[in-house]
Every structure is written in structure tokens, then in C-alpha cells.
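Report on the structure given below.
Nothing fancy with the numbering, it's 1 onward along the sequence.
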Amino acid sequence: MFALSLLRKSALSLAATLLVGGAALANSGPLVTTDWLEKNLSDPKVRIVEVSVEPGLYERGHIPGAQNVVWHTDLADTVERDIAKPEKFQALARKLGLDKDVTIVLYGDSNNWFAAWGAWVFDIYGLRDNVKLLDGGRKKWELEKRPVSTNPLAIKASAFSVAEPNRKLRARLADVVATVEKKSDARVLDIRSADEFSGKIIAPAGFQELALRAGHIPGSVNVPWAQAVNQADGTLKSPEELKKLYANVGIDGSKPVITTCRIGERSSHTWFILSRVLGYQVANYDGSWTEYGNTVGLPISNPAGTVWGGK
């Protein structure tokens, strides 16, 4: 009877942890569901951060308790065309109340493109395992008609100390050129659309950051980022489906991977999938095609046969 009673107590304790210990539950993986987040909106150990690209979206309505981060100013150095310097990121993290003892949930528009970019920058500066993406982002939250707010909450600042940047998470132009010259066995995965990859177009309509040439990095393979997402609600496909998707082009985790796109935002979405969901060794090339395609003298592949038509 004593053993049975002890077993019941253990089961009740586990159930209490699962039902009440909200932030702890999120530590089991890199994603949180909309259900989990709504149940944990008032948890003092949860911080919610929106990183969207559309101006004014946060102000018109956001997940209750969420704080706003503007990716191209808060997480970047606009003069050097670089990620935020350590001191700038540390000041931002402290202002947002972020630290390693809280669960940080990032979400945004465009199927979490820039939320994933934020997760990449957070990882570089020492915030990794406690940083999660809201699976489905704003899209799923809004589709399910979950609560929104227009009133930002005051957050107590943290004492977060930035870590030495993890340079292994970021690919530079030299790293990419090494793959082209076959001095590196890393695989380059381009996640742009098929038309961008072939060189039929330089960029999707309406985007201002462009290269002079169209095409892709020689030797790279192409899996458009959207193929990893369930279009109905923006959630990621299952790990089994994702593994198969990338294995079809030879990306199976056996070799390091470099993700690339146009400016590094869509590629960070795939970086998150490969790195955090599948556990592969991945670096994001945020210079991407705007850097590589504009670099004088570098070879490109252009199946569409287009050339620079300067006027």
C-alpha cells in the first residue's frame, strides 16, 4: 500500500508539473503551441517578443504581454549592415526582461521569417535553449481568434550579460567561396523561390534589396522555405516530413550546412528548422545573394540565361 501511495503521489506531482509549471514545460523543444502560450500568458517566467516586418502591425494588436522588436533597427547595425553589436543586444535584452532563467517566445508575421532571424541573433549571443518560436506565428494565433491587446505591459529589466558571439552560427562570404572552390565540404542550401534560384528574377516584386546579377551560388541546392510549412496555418511540418524534404537534395545532417536567401531572413527560418528542430550543424549566411551576387569576379550559376542589363 505504501508503494502504491508513493506511486500515486509521484503521478500527481508529475501532473501538477505538466499543468502548472508552464515555463518548464516549454523547455522540451524549440517550438511552443498556441494552446500552450495562451495558457501561460500570465506566467512570470515567460517573455513574449514579436518580431514582424510589417510596420504598425504590433501596434494594431499583439499577443497580450508581448513586447515589440523592430528587426532592422533593434537587432541590426544599420550603418555597417551587420547584426547588433554585443553592447546593443545586451541593452535590448535587459530592457525586454530577457535572461537565461525565462522562456522566451518569439513570433511574427510572414510565417515567422523575422522571428526566426531574431532567434538566430539571440542564439549568437547566448540565448538558445530557452528561446522558442510560436509554431504558426501571428497567422495561427489570429486564425484561431485568440486574445490580442493594444496595450504594452511594463516589464522589469533584467541583468542579462551577453555571451561571446557564437561565430559558428554565422557564415561569411569567405565560407561560401570556400564551398564554391571545393575547399570546404559544407553544403549550401538556397531557400529562395525557384524563379530566384534559376535567375529568372532577381527578387520577388516589391523588395528593394537587390543584386545586380540573378542566379545562385554554384554548387548550391534549392528547397524553397515555404515547402517546410503547412500553408493552412503556418505551422512547421513534422520532423519526419522535414528530414525527407531536405534529404531529397542531399541535406541529411552528415555535412555542415550553410543556409542562404536574399538578405538572410528567409534563410534564418530554414536555419531554425535544420538547427533547432532537426539538430543539424548549420550556419546562416546573412550576406546572402545581395552580397554574393554583387561581389565583383565571383562565379554564379544562371540557368535562366539572364544577364546584367545595366542602363
Side-chain angles (χ1 to χ4, degrees), residues 22-23 25-26 29-76 78 84 89 91-99 102-122 127 130-158 204-208 225-226 228-236 263-266 268-269 272-273 276:
L25 182 61
L31 300 168
V32 297
T33 66
T34 50
D35 279 338
W36 183 91
L37 186 56
E38 185 170 1
K39 291 174 183 176
N40 288 276
L41 288 177
S42 60
D43 191 322
K45 284 296 185 179
V46 172
R47 296 286 185 272
I48 308 169
V49 179
E50 176 164 342
V51 191
S52 290
V53 65
E54 183 182 333
L57 194 60
Y58 171 86
E59 289 78 9
R60 293 196 294 272
H62 53 264
I63 296 175
Q67 301 177 85
N68 192 37
V69 166
V70 181
W71 79 273
H72 64 275
T73 54
D74 292 331
L75 293 175
T78 55
F89 180 81
L92 174 67
R94 289 181 175 182
K95 183 181 75 171
L96 298 174
L98 309 183
D99 215 332
V102 299
T103 294
I104 303 165
V105 180
L106 301 178
Y107 78 97
D109 61 357
S110 299
N111 293 102
N112 281 334
W113 280 1
F114 288 94
W117 196 82
W120 173 66
V121 176
F122 281 30
L127 291 170
N130 56 325
V131 171
K132 319 291 178 182
L133 277 190
L134 175 63
D135 200 12
R138 277 193 73 109
K139 182 176 183 177
K140 191 169 192 292
W141 190 271
E142 292 173 349
L143 282 172
E144 295 170 344
K145 302 187 184 305
R146 295 185 184 270
V148 295
S149 173
T150 55
N151 299 316
L153 295 179
I155 298 292
K156 181 181 179 181
S158 73
F207 287 89
Q208 62 181 358
W225 74 272
V229 173
N230 295 307
Q231 295 305 308
D233 61 4
T235 56
L236 297 184
I263 60 172
E265 93 286 25
R266 287 175 289 174
S268 64
H269 186 273
F272 187 90
I273 292 170
R276 297 296 311 281

What do you reckon, are the aromatic ring centroids of Trp225 and His269 less than 6.0 Å apart? yes

Which label fits His62 and Tyr58: parallel for a plane angle under 30°, tilted from 30 to 60°, or perpendicular past 60°? parallel

Is any side-chain heavy atom of Glu50 closer than 4.5 Å to one of Leu57? yes

Mind checking whether Lys140 and Asn112 have side chains closer than 4.5 Å, heavy atoms only? no

Residues Asp99 and Lys45 bridged, charged N to O under 4.0 Å: no

Is Leu127 close to Ile104 at the side-chain level, that is, under 4.5 Å between some pair of heavy atoms? yes

Give a yes-or-no answer on whether the side chains of Asp135 and Thr235 include a donor-acceptor pair shorter than 3.5 Å. no

Are Glu59 and Thr150 close enough that some pair of their side-chain heavy atoms sits under 4.5 Å apart? no

Nearest heavy-atom pair of Trp141 and Pro147: which atoms, and what distance? NE1-O, 2.8 Å

Side-chain contact test, heavy atoms from C-beta onward, threshold under 4.5 Å: evaluate it for Phe114 versus His72 and give yes or no. no

Electrostatic pair Glu54:Arg138 at N-O distance under 4.0 angstrom: no

Quick one: do Val51 and Val70 satisfy side-chain contact (heavy atoms from CB on, under 4.5 Å)? Show the steps, please. CA-CA 6 Å; Val51 191; Val70 181; over 6 Å; no

Passing candidate, side-chain contact (heavy atoms from CB on, under 4.5 Å) with Leu134, options Thr33, Val105, Leu106, Val49: Val105

Walk me through whether Val102 and Val46 qualify under side-chain contact (heavy atoms from CB on, under 4.5 Å). CA-CA 6 Å; Val102 299; Val46 172; over 6 Å; no

Can you find a pair of side-chain heavy atoms, one from Phe272 and one from Trp117, that are under 4.5 Å apart? no

Mind checking whether Ile48 and Gln67 have side chains closer than 4.5 Å, heavy atoms only? no

Is the shortest heavy-atom distance from the side chain of Phe89 to the side chain of Leu75 under 4.5 Å? yes

